[in-house]
Amino acid sequence: LDVGMAAQYLLDEANGEEMIFYESKVDIMEQAGFPRLVVEHVLDQFSGDRDVAMAWLVEPDNAAEVARLYAAYGIAAEGGE
């Protein structure tokens with residue numbers, strides 16, 4: 001990891017705006033009750049499309065796959081022990 005390049009990336013105004021936009025997507029989905037790791041995984045899966053990612057997470061037909069994501073990240077499913 002080149003710290004200088006990472007700092008340059010974050011200081012670039014366009015990248016900073018992109019990071020803020022990404023973080024706002026993550027925040028909204030976290031407020032809906034989904035853990036950050038799961039949110040980031042699903043956003044990545046759907047090319048950052050928050051609406052599609054959220055729809056996928058709440059679709060009952062995807063419950064088993066969502067449970068596998070929770071398990072993969074070592075997160076207890078909501079309502080679980």
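This structure is a prediction, so every number in the text was calculated from the model and none was measured. Along the sequence shown, the residues carry numbers beginning at 1.
Here the CD1 atom belonging to I28 is positioned 11.5 Å from the CD atom belonging to E23, to the nearest 0.5 angstrom.
Screening residues 42-53 for salt bridge (charged side-chain N to carboxylate O under 4.0 Å, His left out), with sequence neighbours left out, gives no hits.
When side chains are defined from C-beta on, M29 counts as touching L57, because their heavy atoms get closer than 4.5 Å.
Judged purely by atom type and a 3.5 angstrom limit, N62 uses its side chain to pair as donor or acceptor with the backbone of W56.
For the side chain to side chain donor-acceptor pair (under 3.5 Å) test, residues two or more places apart in sequence or in another chain that qualify with E65 are R68. With sequence neighbours excluded, the residues satisfying side chain to side chain contact (heavy atoms under 4.5 Å, CB included) with V26 are Y22, E30, R36, V39, E40, L43.
When every heavy atom of Y70 is checked against every heavy atom of P35, the shortest pair comes out as OH-CD, 3.1 Å.
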